[in-house]
Amino acid sequence: MNAQIPHSAQASAQANAALVEGVLQGQRRALAKSITLVESSREDHRQQAQALLTALLPHAGGSLRLGISGVPGVGKSTFIEALGLYLIEQHQKRVAVLAVDPSSSVSGGSILGDKTRMELLSQQTAAFIRPSPSAGSLGGVAEKTRETMLLCEAAGFDVLIIETVGVGQSETAVASMTDMFCLLQLPNAGDDLQGIKKGIMELADMVVVNKADTDKVATARACAQIKTALHMLRPASPNWTVPVLKLSALKKDGIDQFWQNVQSFYDTMHARGELQERRHRQARSWMWELVDSGLRQRFRAHPRVQALLTRSEHDVTAGLLPPALAARQLLDALDSPPTG
Ligand code: GDP
């Protein structure tokens, strides 16, 4: 019975072959359809998506992966639009913009409000803009974005821009899927450096003070403060000094300097083998993240664990059972053979 192949399997293999072909040819419809498959939570779609990704993986990896983060209102969409248009017009690049915004699934509304943003860029045939998947947890959103990145690479986009909001953990997720992570800041830094957490600052490969057109003095002060702060941190790479740039996304002033720094980072890191090492590390930790979350899911779904769980939680809460012993019993339940 288990040798029976679902009759839809052949049809699904053919559909996949057509999608693979379409994505490789850079067809937008095929790409959008593939992303929809990747984002679906239906089990048959998941399987189809994995087959698709496996087929396309050898064709991925050729893009420059750029992470952009900053608090709402700092000017991310204005900047990404300006950068995207600059890359298309001046450098004949194809640009894909993806977003990681876990707020869209928590609150039902997206902080990145993708629909009305980047209108000029979205009209370009050389651009592809995809809003954040609303997949529940940050882990879910990040996983789907990583897979979508591979699809976009197979579709031949030269630059992938992954945007995220400067709230919560999403920066760490985006830094762990990109080659270069850039932090956008405002000129009115103040003494607290806009609450930039040390951990986030340590992730940055470049810091940009946007809206430099609004207040030159404040911008210069913010740049100096950020440089001082960076000086006190351990550099992410011994081969790279994190640049602090001033820029006006609105006036499109400083975009070329930004791009020069991206290229210089890329060349430096590539020459030292650091870029490849970063990507290898990211791929391994992505695998382990999925193993960890898969184990947790299986653990909670296991019938013997479920039978014990309520009681264990109650006893631990009531102080009747040491947490370590409770954990041990639950883990042992996972190993014991199912009864009857
Ligand atoms: P996001 O929430 O980070 O995506 O920010 P937006 O790109 O939506 O920008 C928020 C506001 O700041 C908008 O009204 C923009 O026009 C404005 N803005 C963005 N960049 C600049 C800039 O360089 N200078 C000035 N003066 N305003 C800017």
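In listed order, ligands and their atoms are each counted from 1. Remember, predicted model here, so these are calculated numbers, not experimental data. Just the heavy atoms: all of them, side chains too, but no hydrogens, waters or symmetry mates, feed the values below.
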Original post:
Which ligand 1 atoms does Thr78 reach within 4.0 Å, using its non-hydrogen atoms?
Top reply: 6 (P), 7 (O), 9 (O), 15 (C), 19 (C), 20 (N)
Original post:
Taking NZ, NE, NH1 and NH2 as the nitrogens, is one of them in Asp205 or Arg278 under 4.0 Å from a carboxylate oxygen of the other?
Top reply: yes
Original post:
Side chain of Asn261, backbone of Pro243: donor and acceptor closer than 3.5 Å?
Top reply: no
Original post:
Rest of the hydrophobic cluster containing Val291 (Ile/Leu/Val/Met/Phe/Trp/Tyr, side-chain heavy atoms under 4.5 Å)?
Top reply: Met287, Trp288, Leu295
Original post:
What do you reckon, does Pro72 put a non-hydrogen atom under 4.0 Å from ligand 1?
Top reply: yes
Original post:
Which bit of Val74 is near ligand 1, meaning a heavy atom under 4.0 Å away: side chain, backbone, both or neither?
Top reply: both
Subject >> Leu184 to ligand 1, any heavy atom closer than 4.0 Å >> reply: no
Original post:
Would you call Arg130 and Glu39 a salt bridge, using N to O less than 4.0 angstrom?
Top reply: yes
Original post:
If we only count N/O pairs under 3.5 Å, is Lys251 in contact with ligand 1?
Top reply: no
Original post:
So is there a nitrogen or oxygen of Leu247 less than 3.5 Å from a nitrogen or oxygen in ligand 1?
Top reply: no
Original post:
Taking non-hydrogen atoms only, is Thr214 closer than 4.0 angstrom to ligand 1 via side chain, backbone, both or neither?
Top reply: side chain
Subject >> Sub-4.0 Å atoms of ligand 1 with respect to non-hydrogen atoms of Val71 >> reply: 3 (O)
Original post:
ligand 1 and Phe79, any nitrogen or oxygen pair closer than 3.5 angstrom?
Top reply: no
**OP:** Provide the number and element of each atom of ligand 1 under 4.0 Å from a heavy atom of Asn210.
**Re:** 20 (N), 21 (C), 23 (O)
Subject >> Ring centers of Phe258, Phe79 separated by less than 6.0 Å >> reply: yes
**OP:** Could you tell me whether some N/O pair between Asp213 and ligand 1 is separated by less than 3.5 angstrom?
**Re:** yes
**OP:** Identify whether the distance between the nearest side-chain nitrogen and carboxylate oxygen of Glu277 and Arg272 falls below 4.0 Å.
**Re:** no
**OP:** Would you mind checking if Glu289 and Arg284 are paired as a salt bridge, meaning a charged N to carboxylate O distance below 4.0 Å?
**Re:** no
Subject >> Under 3.5 Å: N/O of Gly75 near N/O of ligand 1 >> reply: yes
**OP:** Answer yes or no: is there an ion pair linking Arg311 with Asp315, defined by an N-O contact shorter than 4.0 Å?
**Re:** yes
